[in-house]
Amino acid sequence: MATVVGGLTTSHIPAIGGAIAKDLFQDPYWKPFFDGYPPARDWLARVKPDVAVVIYNDHGLNFFLDKQPTFAMGAAAEYRNEDEGWGIPTIPAFRGDPKFSWHLINSMVADEFDLVTCQEMAVDHGFTVPMQLFWPDYTYTQVATVPLCVNTVQHPLPSPRRCYRMGQALGRAIRSYPEDLKVVILGTGGLSHQLDGQRAGFINKAFDTLCMDKIADDPEYFLDMSIPDLVREAGAQGAEFILWLAMRGALGDRVTERHRNYHIPISNTAAGLICLESVA
Ligand code: DHB
Ligand code: FE
């Protein structure tokens with residue numbers, strides 16, 4: 001049967017994609033950020049996942065404001081990025097696994113999560129930047145991918161509790177797949193940031209620390225928060241933290257934190273990274 005080996009969360013700021021393309025790993029601005037990632041890659045080399053389910057939000061590449069599904073899953077053989085206007089170059093395609101995607105979709109819809117299904121799907125920086133951080137130099141084709149998109153851009157957004165429960169349904173769907181696949185779950189975005197309005201540039205280190213301290217052993221701490229609560233604490237775009245909660249829901253009751261890194265700011269965002277290993 002398929003198993004969930006663990007989860008990774010990371011911010012997905014577009015400027016990171018630009019810095020990777022320009023090889024800025026040793027640049028003083030970027031070094032403390034990029035230096036956070038080798039321990040997560042070492043962990044991936046140890047647990048050797050076959051598939052990455054990437055829980056992220058699309059920022060207007062695949063879905064625009066005219067059509068904004070709350071939850072959508074890819075079921076394509078490959079996923080490409082496109083020019084989003086941030087100056088991130090297009091990169092080689094990501095590998096899909098349609099058979100596994102359809103199993104997840106069938107299982108989650110039967111489990112009352114009515115996903116939009118996408119047999120073609122362009123993936124934006126919310127997906128491509130984390131995949132490049134964890135599998136550098138285009139080695140991401142080592143793993144098959146399943147994009148799982150959650151609306152964090154146009155209100156109403158799904159609540160923290162709804163996202164956590166969606167993650168739990170994803171975990172059940174993965175564990176009911178008959179093949180021996182090892183699956184890692186990525187939850188991208190966050191931590192605190194706000195890109196527009198009067199609070200543009202807002203960062204809340206105290207709340208970010210709480211998120212990082214509680215995501216492993218007490219994720220339910222956040223489940224009574226509303227989206228306005230989350231926007232107040234984390235900023236309008238910091239509401240992307242619901243993607244971390246969805247990831248955590250898929251991992252099951254017990255996890256061990258293997259690694260973390262926190263660095264402020266990268267662009268306008270508090271960059272947070274956590275690596276959680278599932279405890280069987
Ligand atoms: C930034 C952060 C994001 O999460 C995003 O989607 C776009 C931009 C930023 O800090 O620049
Ligand atoms: Fe974002």
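Note that these values count all heavy atoms, side chains included, but never hydrogens, waters or copies made by symmetry.
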Report summary line: One should read off an interatomic distance between Asp58 CG and Gln68 CD, to the nearest 0.5 angstrom, of 7.0 Å
Requested in this report: Compare all side-chain heavy atoms of Trp135 with those of Thr141 and state whether any distance is below 4.5 angstrom.
Outcome: no
Report task. Measure the shortest side-chain to side-chain distance between Cys275 and Thr9 over non-hydrogen atoms and say whether it is less than 4.5 angstrom. Result -> no
**Report entry** Considering all heavy atoms, the nearest Val255-Ser278 contact
**Finding:** CG1-CA, 4.3 Å
Query raised in the report: Looking at side-chain heavy atoms only, is the closest gap between Leu230 and Phe222 below 4.5 Å?
Result: no
Query - Residues which pass side chain to side chain contact (heavy atoms under 4.5 Å, CB included) with Pro39, listed by chain and number, not counting sequence neighbours - result: His259
**Report entry** Check: Thr10 side chain, Thr188 main-chain N or O, donor-acceptor pair, under 3.5 Å
**Finding:** no
Query raised in the report: Between the side chains of His125 and Glu84, is a donor N or O closer than 3.5 angstrom to an acceptor N or O?
Result: yes
**Report entry** Flag, side chain of Asn57 to backbone of Asn151, donor-acceptor distance under 3.5 Å
**Finding:** no
Report task. Flag yes if Met212 and Leu276 sit in one hydrophobic cluster, no otherwise; membership is Ile, Leu, Val, Met, Phe, Trp, Tyr, and two members link when side-chain heavy atoms are under 4.5 Å apart. Result -> yes
Query raised in the report: More than 12 non-hydrogen atoms from neighbouring residues, nucleotides or ligands closer than 6.0 Å to CD on Glu120, yes or no?
Result: no
Query - Cluster overlap Met247 with Tyr37, hydrophobic side-chain contacts below 4.5 Å - result: no
Query raised in the report: Hey, does Met131 have a side-chain heavy atom less than 4.5 Å from the side chain of Leu186?
Result: yes
**Report entry** Whether over 12 other heavy atoms sit under 6.0 Å from Arg254 CZ
**Finding:** no
Query raised in the report: Under 3.5 Å, side chain of Thr139 to main-chain N/O of Pro136, donor-acceptor pair present?
Result: yes
Query raised in the report: Ignoring hydrogens and geometry, is there a side-chain-to-backbone donor-acceptor pair from Asn62 to Met121 under 3.5 Å?
Result: no
Requested in this report: Could you state whether Val146 and Phe63 fall into the same hydrophobic cluster, counting links through intermediate Ile, Leu, Val, Met, Phe, Trp or Tyr residues with side-chain heavy atoms under 4.5 angstrom apart?
Outcome: no
Requested in this report: May I ask you to test the Val184-Val143 pair for a side-chain heavy-atom distance under 4.5 Å?
Outcome: no
Requested in this report: Treating Ile, Leu, Val, Met, Phe, Trp and Tyr as nodes and any side-chain heavy-atom pair under 4.5 angstrom as an edge, say whether Leu61 and Leu243 lie in one connected cluster.
Outcome: no
Report task. Report the C-alpha distance between Glu179 and His103 in whole Å, list the side-chain angles of each, state the deciding distance to 0.1 Å, and finish with yes or no for side chain to side chain contact (heavy atoms under 4.5 Å, CB included). Result -> CA-CA 11 Å; Glu179 290 177 27; His103 169 83; over 6 Å; no
Query raised in the report: So does Asp35 have more than 12 non-hydrogen atoms from other groups sitting under 6.0 Å from CG?
Result: yes
Requested in this report: Quick one: closest heavy-atom pair of Tyr56 and Pro147, and the distance?
Outcome: CE2-CB, 3.7 Å
Requested in this report: Please round to the nearest 0.5 Å and tell me the distance separating atom NZ of Lys214 and atom CD of Glu220.
Outcome: 12.0 Å
Requested in this report: Quick one: do Arg199 and Val231 satisfy side chain to side chain contact (heavy atoms under 4.5 Å, CB included)? Show the steps, please.
Outcome: CA-CA 11 Å; Arg199 292 202 307 169; Val231 167; 4.2 Å; yes
Query raised in the report: Which atom pair, heavy atoms only, marks the closest approach of Ile174 to Phe100?
Result: CG1-CZ, 4.1 Å
Requested in this report: Give, for atom NE2 of His193 and atom CG of Asp208, the distance between the pair rounded to the nearest 0.5 Å.
Outcome: 10.5 Å
Query raised in the report: Tell me, do Ile227 and Ile242 make a side-chain contact under 4.5 Å, heavy atoms counted?
Result: yes
**Report entry** Stepwise salt bridge (Lys or Arg N to Asp or Glu O under 4.0 Å) test for Asp229 and Arg232
**Finding:** CA-CA 5 Å; Asp229 291 338; Arg232 190 180 324 105; 3.3 Å; yes
Query raised in the report: How far apart are the closest heavy atoms of Arg175 and Ala250, and which atoms are they?
Result: NH2-O, 2.8 Å
Requested in this report: Output the distance between atom OG1 (Thr152) and atom CG (Leu157), rounded to the nearest 0.5 Å.
Outcome: 6.5 Å
Requested in this report: Carefully, step by step, assess Leu245 and Ile215 under the rule side chain to side chain contact (heavy atoms under 4.5 Å, CB included).
Outcome: CA-CA 7 Å; Leu245 290 171; Ile215 191 82; 4.0 Å; yes
Query raised in the report: Can you name the one residue among Ile264, Asp27, Leu133 that meets side chain to side chain contact (heavy atoms under 4.5 Å, CB included) with Phe33?
Result: Leu133
Report task. Determine yes or no for a side-chain-to-main-chain donor-acceptor pair under 3.5 angstrom, with Asp124 supplying the side chain and Gly126 the backbone. Result -> yes
Query raised in the report: Any side-chain donor paired with an acceptor under 3.5 Å for His59 and Gln237?
Result: no
Query - Euclidean distance, Gln168 CD relative to Met108 CE, rounded to 0.5 Å - result: 11.0 Å
Query raised in the report: Can you check whether Val54 reaches Phe94 side chain to side chain, under 4.5 Å on heavy atoms?
Result: no
Query raised in the report: Could you walk me through whether Cys149 and Phe71 pass the side chain to side chain contact (heavy atoms under 4.5 Å, CB included) check?
Result: CA-CA 6 Å; Cys149 202; Phe71 300 118; over 6 Å; no
Query raised in the report: Is atom CZ of Arg41 surrounded by more than 12 heavy atoms (other residues, nucleotides or ligands) closer than 6.0 Å?
Result: yes
Requested in this report: First locate atom OG1 of Thr269, then atom CD of Glu240, and finally report the distance between them rounded to the nearest 0.5 Å.
Outcome: 7.5 Å
Query - Shortest non-hydrogen contact from Ala239 toward Ala234 - result: N-CB, 4.5 Å
Query raised in the report: Counting N and O atoms only, with roles assigned by atom type, does the side chain of Ser11 sit under 3.5 Å from a partner on the main chain of Gly272, one being a donor and the other an acceptor?
Result: yes
Query raised in the report: Donor-acceptor pair, Gln194 side chain versus Ala236 backbone, under 3.5 Å?
Result: yes
**Report entry** Arg248 bridged to Asp218 by N-O distance under 4.0 Å
**Finding:** no
Query raised in the report: Going hydrophobic residue to hydrophobic residue with side-chain gaps under 4.5 angstrom, can you get from Phe134 over to Leu191?
Result: no
**Report entry** Minimum-distance pair of heavy atoms, taken over all atoms of Pro265 and Tyr29
**Finding:** O-OH, 3.5 Å
For residues 15-25, which side-chain donor-acceptor pairs fall under 3.5 Å, sequence neighbours excluded?
none

Query raised in the report: Taking the side chain as C-beta and beyond, is there a heavy-atom pair between Phe207 and Ser192 under 4.5 Å?
Result: no
Query raised in the report: Taking Asp50 for the side chain and Lys182 for the main chain, is one N or O donor matched with an acceptor at less than 3.5 Å?
Result: yes
